[in-house]
Amino acid sequence: MQRKDIPNYITGARIILSPLIVPVMWMGAIEVGSILFIITALTDFIDGKLARKWNAWSIEGKYLDTIADKEFAFLTLLAGITYTPVLIIPLLLESAIATVSTLSFIKKYKIESAIIGKVKTGFLSVTTGLTLLATFLSLQSTSLLEFLIFFLTGTTVLLELGTLETYIKHYYMEKQKRKQQEMTVTKQPNHLSDEVVLDHMKQFTFYQSKLFQNPKMMALYRDKLIPEKLETLETKNQIGQLDSKNNCNLLTSDEHVLTKKKVP
């Protein structure tokens with residue numbers, strides 16, 4: 001097992017533990033269920049911390065983390081609704097966030113986690129944890145308990161709205177970026193393969209053979225000299241002039257430009 005896989009294993013453990021919390025509490029093992037709840041909530045912090053530390057980020061891991069988060073949130077919120085029906089609001093908002101995350105994964109958009117999302121997850125965990133304890137311990141509703149639950153729920157809802165707005169904004173930004181990239185590729189006339197470009201490049205003599213593998217030279221010939229300038233260059237023999245006036249800035253100082261001499 002490689003080190004970069006550890007965050008995904010921790011996320012997988014959260015997926016396994018989440019469905020056990022409510023049944024364990026329902027059977028009367030409140031202490032065990034509470035421990036499982038705390039461990040499951042902490043794994044969300046641990047796997048993200050390790051992924052950033054070891055640079056183990058991936059789209060699949062991000063989506064797996066989203067599944068684990070939403071599973072944990074949905075199961076605990078559903079159980080808490082029986083005690084506090086107002087929890088239906090954060091449940092619906094979590095569903096909306098999960099929908100945007102799923103669409104982003106399908107389209108392979110990279111949406112970075114925002115600070116507001118992490119704060120939201122923390123408040124959501126505290127809210128659902130308190131509600132579960134109140135539910136399974138059959139705590140009598142008091143003014144203080146109601147105030148705490150409604151305060152935490154209201155704060156969680158505001159943070160969920162902010163998170164949803166951020167996800168939607170990033171989604172459309174990535175969508176617009178993808179569209180611009182596609183338009184750029186479409187507008188490029190006669191986009192040639194590397195083999196065709198090399199074939200044209202080999203018609204000329206270079207001072208250094210490493211220029212054949214130079215990405216800047218490849219881009220130069222693909223986007224500027226071929227096909228717009230090639231015929232003119234071949235007939236008027238102006239390669240050296242064009243290189244010296246227009247294209248020298250694309251080469252590093254220790255590389256030489258093309259000669260005017262063709263390979264016989």
Side-chain angles (χ1 to χ4, degrees), residues 1-25 29 31-80 90-91 93-133 152 155-171 173-174 177:
M1 180 179 64
Q2 297 182 357
R3 187 173 65 175
K4 66 179 182 179
D5 296 327
I6 294 178
N8 287 340
Y9 283 109
I10 296 176
T11 305
R14 185 159 78 256
I15 294 176
I16 295 173
L17 292 177
S18 293
L20 302 178
I21 297 172
V22 174
V24 169
M25 286 187 168
E31 296 81 2
V32 177
S34 299
I35 293 174
L36 288 176
F37 181 91
I38 294 173
I39 293 175
T40 305
L42 288 176
T43 58
D44 184 34
F45 170 78
I46 295 173
D47 61 2
K49 186 73 172 179
L50 293 179
R52 290 187 294 272
K53 180 179 179 180
W54 295 335
N55 194 24
W57 189 95
S58 66
I59 294 180
E60 294 75 13
K62 174 66 177 176
Y63 188 63
L64 189 66
D65 183 69
T66 301
I67 292 176
D69 290 345
K70 297 304 172 276
E71 179 193 38
F72 177 66
F74 289 158
L75 293 176
T76 53
L77 284 171
L78 285 172
L91 179 63
L93 289 174
E94 284 297 315
S95 301
I97 295 173
T99 301
V100 178
S101 298
T102 302
L103 290 175
S104 300
F105 175 77
I106 294 174
K107 295 181 179 294
K108 298 187 182 301
Y109 294 163
K110 183 178 179 180
I111 299 181
E112 298 288 347
S113 298
I115 297 297
I116 189 173
K118 299 183 183 301
V119 177
K120 179 268 300 179
T121 301
F123 269 88
L124 182 61
S125 298
V126 175
T127 304
T128 54
L130 179 61
T131 307
L132 286 179
L133 287 176
L152 290 171
T155 305
T156 301
V157 167
L158 292 177
L159 292 171
E160 284 178 323
L161 289 172
T163 302
L164 180 60
E165 180 188 8
T166 301
Y167 272 51
I168 292 176
K169 185 184 298 184
H170 286 178
Y171 175 85
M173 287 176 59
E174 288 292 323
K177 186 186 300 184

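None of the values given here were measured: they were computed from a predicted structure.
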Distance check, rounded to the nearest 0.5 Å: [X] atom [atom1] versus [Y] atom [atom2]?
{"X": "F37", "Y": "S125", "atom1": "CZ", "atom2": "OG", "result": "5.5 Å"}
{"X": "T76", "Y": "E71", "atom1": "OG1", "atom2": "CD", "result": "10.0 Å"}
{"X": "D44", "Y": "T121", "atom1": "CG", "atom2": "OG1", "result": "5.5 Å"}
{"X": "L133", "Y": "T128", "atom1": "CG", "atom2": "OG1", "result": "9.5 Å"}
{"X": "T11", "Y": "I6", "atom1": "OG1", "atom2": "CD1", "result": "12.0 Å"}
{"X": "D47", "Y": "L42", "atom1": "CG", "atom2": "CG", "result": "11.0 Å"}

Show the nearest heavy-atom pair for residues [X] and [Y], with the distance to one decimal.
{"X": "P90", "Y": "V157", "value": "CD-CG2, 3.9 Å"}
{"X": "V22", "Y": "L75", "value": "CG2-O, 3.9 Å"}
{"X": "G61", "Y": "N8", "value": "CA-OD1, 3.5 Å"}
{"X": "G80", "Y": "L132", "value": "N-CD2, 4.3 Å"}
{"X": "V24", "Y": "G33", "value": "CG1-N, 3.6 Å"}

- Task: Mind checking side-chain hydrogen bond (donor to acceptor under 3.5 Å, both in side chains) for T127 and listing every partner two or more places apart, or none if nothing turns up?
- Result: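 Per chain and number, T127 pairs via side-chain hydrogen bond (donor to acceptor under 3.5 Å, both in side chains) with T156.
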task: Could I get the full list of side-chain hydrogen bond (donor to acceptor under 3.5 Å, both in side chains) partners for D65, not counting sequence neighbours?
output: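 D65 satisfies side-chain hydrogen bond (donor to acceptor under 3.5 Å, both in side chains) with R14 only.
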Notebook entry, point to check: Below 4.5 Å, heavy atoms only, C-beta onward: do I21 and F72 meet side chain to side chain?
Noted result: yes
Counting C-beta onward and ignoring hydrogens, is there a side-chain heavy-atom pair between M25 and S34 closer than 4.5 Å?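 Side chain of M25 against side chain of S34, heavy atoms only: contact under 4.5 Å found.
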The salt bridge (Lys or Arg N to Asp or Glu O under 4.0 Å) partners of E94 (sequence neighbours excluded) come to K70, K120
Applying salt bridge (Lys or Arg N to Asp or Glu O under 4.0 Å) to K177 and not counting sequence neighbours gives E174
Sorted by chain and number, sequence neighbours left out, ring pair (Phe, Tyr, Trp, His ring centres under 6.0 Å) with Y109 holds for Y171
N/O donor-acceptor pairs under 3.5 Å from side chains in residues 158-168, not counting sequence neighbours:
residue, atom, partner, partner atom, Å
T163, OG1, L159, O, 2.8
T166, OG1, G162, O, 2.9

- Item | Check: T43 side chain, T40 main-chain N or O, donor-acceptor pair, under 3.5 Å | yes
